[in-house]
Amino acid sequence: MNKFLICLFAALAGTAVAMPANAQDVATAAVTRVTIAPPQTPLAANIKAALSAAYYGAPKGSATYEAGQKLYFFYGERHFEPIWLDQAADGGVTFSAPARKILKLFEDAAREGLRPSDYLTPALDVATAQSDPAGMAALETAFSKATMAYATHIHTGRIKPQSVDSQLDIQPKHLDEAALLVELARSADPVAVLAKLEPTHPEFLALKAALAKFEDGTVDRPAAIADGPLLKPGVSDARMPLIRERLGLPADASLIYDDAVVAGIKAFQESLGLSPDGVTGPATIAALNGGAAVSRDDILANMERWRWMPTDLGKFNVFVNIPEFRLAISRDGVEQYTTRVVVGTTKNQTPVFSDNIRHIVVNPYWNVPSSIVKGEIAPKTLANPGYIDSQNMDLLYNGSAVSPWAVNWAEVSPANFPFRVRQRPGPGNALGQIKFLFPNKHDVYLHDTPSKGLFGRDYRALSHGCVRVQNPMEFADALLANETSMSRASLEAMFGPSERWVNPQSSIPVHLAYFTLRVDDNGTIRSFGDLYGHNAKLIEAMAK
């Protein structure tokens, strides 16, 4: 049993890391001179032995040593008596008041989108530990382990993103578990301490409220607008009163698709990234109905993804929701600008991660990815060396441009193509006139495109992985709202044949996110297609 206890505290010490700046702060106990009170019970002696092994067995100055020291001093102040157990004079044991409060959290874990069975395990059986110091030490251990599991799950999620898909390149937040354990034990309200770890994003809280309705059986889904013929201005249709109600227009018994409804539909379509043509077809009807029926599993999966997100998205940030084909710039949680985007195909997926925009490149070269070179450009060049010049491209060998007419193509094949290819700046450049860089291992970024017609489509998973922005200069104008020495006009003045790099004064957080449920300002949950299958795979992982 002692070995089990030693393992727990060694694990707590070993996982103690400084939390990132954008993660939830957890109070830590400062190391000061304390009197180490001797253990007065066999149980306390067991706990002291475990802590001593974790503390003194670690390299001095290491994170493991410091965490072990923190726990040793804390327990030493209390004669190494347990945190979660109360022992009567006759040797009987019960859970302490803080433990009972946390047990209630375990019982209600489903309301947090978690599973009570992950914490209320057979190891928390008080009856098996009665009058047995080793058994009580194991019980103390099990309760700490369950509490840390709960804390981790509410803060950073149950599932590791990369275990769902390698394209979910999300760095989990970490907890200083030793410090958290100390804070919980010292607090008169451990529930409040743990509540600080929960995401505060408004959409997470809205999904949690929706989950509560599922748990209570009080889900209230508005009456669905029926499918029917395409609705165009001037037609008469029995669905019109319900459409007016859904748009928030004044009640009217008229069945005519009048100008007020057309304007309302256009604004609604624009807000969702649909073609704002004022015509109500199947896609618009589905969106007015909130998309597909929202399931409890969908809510749980999207709550999990919010737990993966940084605690602080940034006071001023860019947020791309891939399934929504939409980009938004927000300040203090309020959207300032939004536009349509094109994202990666299901074969060439846009990865999910957070970073910071650090550079803006005007008149960019396009360094063609090797996969495109081998799959598309090499075969065309082998068939016609003039293809390179026709696409305003350079053929590069060892970093220098070479003429495609000077190459002995008989010795080259698509599989053995020793050249890099870049497209020169110009109107036909695949990146358009501007790109926005947040250097990352995936080599993806936001950029302009000459293929403007793609933004008119409702389904816009059409790129090789980067994110194409519909109105890049409008986006640049909104992005530079905090800059004093750079503006849209100064960027446009750089348009020309030469690549130009400029750097904003401060880096701007950018989040490439994947949410199949979004909650709008009036609390309506809207669903979007599971473009890359991440949602289905996460639901499956959470069920295991």
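A quick note: this is a predicted structure, and the numbers were derived from the prediction, not measured. The residues of the chain are indexed from 1 along the displayed sequence.
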Step by step, would you call Asp394 with Tyr365 a side chain to side chain contact (heavy atoms under 4.5 Å, CB included)? CA-CA 10 Å; Asp394 292 325; Tyr365 278 99; 4.1 Å; yes
List the steps and the verdict of side chain to side chain contact (heavy atoms under 4.5 Å, CB included) for Arg296 and Leu211. CA-CA 7 Å; Arg296 182 177 184 276; Leu211 177 64; 3.9 Å; yes
Testing the 3.5 Å rule here: is there a donor-acceptor pair between the side chains of [X] and [Y]?
{"X": "Asn302", "Y": "Thr516", "result": "yes"}
{"X": "Gln433", "Y": "Asn363", "result": "no"}
{"X": "Arg331", "Y": "Asn482", "result": "yes"}
{"X": "His511", "Y": "Asn317", "result": "no"}
{"X": "Asn503", "Y": "His359", "result": "yes"}
{"X": "Ser413", "Y": "Asn416", "result": "no"}

Are any of the side-chain heavy atoms of [X] and [Y] separated by less than 4.5 Å?
{"X": "Met473", "Y": "Leu491", "result": "yes"}
{"X": "Arg358", "Y": "Pro439", "result": "yes"}
{"X": "Val421", "Y": "Leu396", "result": "no"}
{"X": "Leu288", "Y": "Leu247", "result": "yes"}
{"X": "Leu114", "Y": "Ile154", "result": "yes"}
{"X": "Val519", "Y": "Pro202", "result": "no"}
{"X": "Lys266", "Y": "Asp277", "result": "no"}
{"X": "His174", "Y": "Thr156", "result": "no"}

Ionic contact status for [Y] with [X], cut-off 4.0 Å:
{"X": "Arg526", "Y": "Asp520", "value": "yes"}
{"X": "Glu376", "Y": "Lys380", "value": "no"}
{"X": "Arg111", "Y": "Asp108", "value": "no"}
{"X": "Glu245", "Y": "Arg239", "value": "no"}
{"X": "Lys435", "Y": "Asp448", "value": "no"}
{"X": "Glu304", "Y": "Arg158", "value": "no"}

Mind checking whether [X] and [Y] have ring centres under 6.0 Å apart?
{"X": "Trp409", "Y": "Tyr387", "result": "no"}
{"X": "Phe106", "Y": "Tyr150", "result": "yes"}
{"X": "Phe475", "Y": "Phe436", "result": "yes"}

Decide side chain to side chain contact (heavy atoms under 4.5 Å, CB included) for Leu175 and Thr152; before the verdict, give the C-alpha distance in whole Å, the side-chain angles of both, and the deciding distance to 0.1 Å. CA-CA 7 Å; Leu175 290 174; Thr152 300; 4.0 Å; yes
Ignoring hydrogens and geometry, is there a side-chain-to-backbone donor-acceptor pair from [X] to [Y] under 3.5 Å?
{"X": "Asn429", "Y": "Gln423", "answer": "yes"}
{"X": "Gln269", "Y": "Gly278", "answer": "yes"}
{"X": "Ser463", "Y": "Val343", "answer": "yes"}
{"X": "Trp306", "Y": "Leu207", "answer": "no"}

Rounded distance (nearest 0.5 Å) linking atom CG of Leu231 with atom OH of Tyr257: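 These two atoms lie 6.0 Å from each other.
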Taking atom [atom1] of [X] as the centre, does the number of heavy atoms from other residues, nucleotides or ligands within less than 6.0 Å exceed 12?
{"X": "Lys452", "atom1": "NZ", "answer": "yes"}
{"X": "Lys374", "atom1": "NZ", "answer": "no"}
{"X": "Arg420", "atom1": "CZ", "answer": "no"}
{"X": "Asp259", "atom1": "CG", "answer": "no"}

Can you list everything that forms a ring-ring contact (aromatic ring centres under 6.0 Å, His included) with Trp405? Sequence neighbours excluded, please.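 Listed in chain order: nothing, the list is empty.
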Tyr337: what forms a ring-ring contact (aromatic ring centres under 6.0 Å, His included) with it, not counting sequence neighbours? none
How are the rings of Phe319 and Phe515 set relative to one another: parallel (under 30°), tilted (30 to 60°) or perpendicular (over 60°)?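 Judged by the thresholds at 30° and 60°, the geometry between Phe319 and Phe515 is parallel.
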Val467 and side-chain contact (heavy atoms from CB on, under 4.5 Å): which single residue from Ile322, Val342, Val341 fits?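 Of the listed residues Ile322, Val342, Val341, the side-chain contact (heavy atoms from CB on, under 4.5 Å) partner of Val467 is Val341.
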I'd like to check the side-chain hydrogen bond (donor to acceptor under 3.5 Å, both in side chains) partners of Asn392; sequence neighbours left out, ordered by chain and number.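 Applying side-chain hydrogen bond (donor to acceptor under 3.5 Å, both in side chains) to Asn392 gives Arg424.
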Using the side-chain hydrogen bond (donor to acceptor under 3.5 Å, both in side chains) criterion, which residues pair with Lys315? Sequence neighbours excluded.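 For Lys315, the residues satisfying side-chain hydrogen bond (donor to acceptor under 3.5 Å, both in side chains) (neighbours in sequence not counted) are Asp332.
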How far apart are the C-alpha atoms of Glu474 and Thr339, what are their side-chain angles, what is the distance that settles it, and do they pass the side chain to side chain contact (heavy atoms under 4.5 Å, CB included) test? CA-CA 9 Å; Glu474 289 182 8; Thr339 189; 5.8 Å; no
Can you list everything that forms a side chain to side chain contact (heavy atoms under 4.5 Å, CB included) with Thr346? Sequence neighbours excluded, please. Tyr459, Tyr532
Who are the side chain to side chain contact (heavy atoms under 4.5 Å, CB included) partners of Ala536, not counting sequence neighbours? Asp530
Do you know which two heavy atoms are closest between Pro509 and Gly314, and how far apart they sit?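 Nearest heavy atoms, Pro509 then Gly314: CG-CA, 4.2 Å.
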Minimum-distance pair of heavy atoms, taken over all atoms of Pro450 and Ala430: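 Reported closest heavy-atom pair: CD-O, 3.7 Å.
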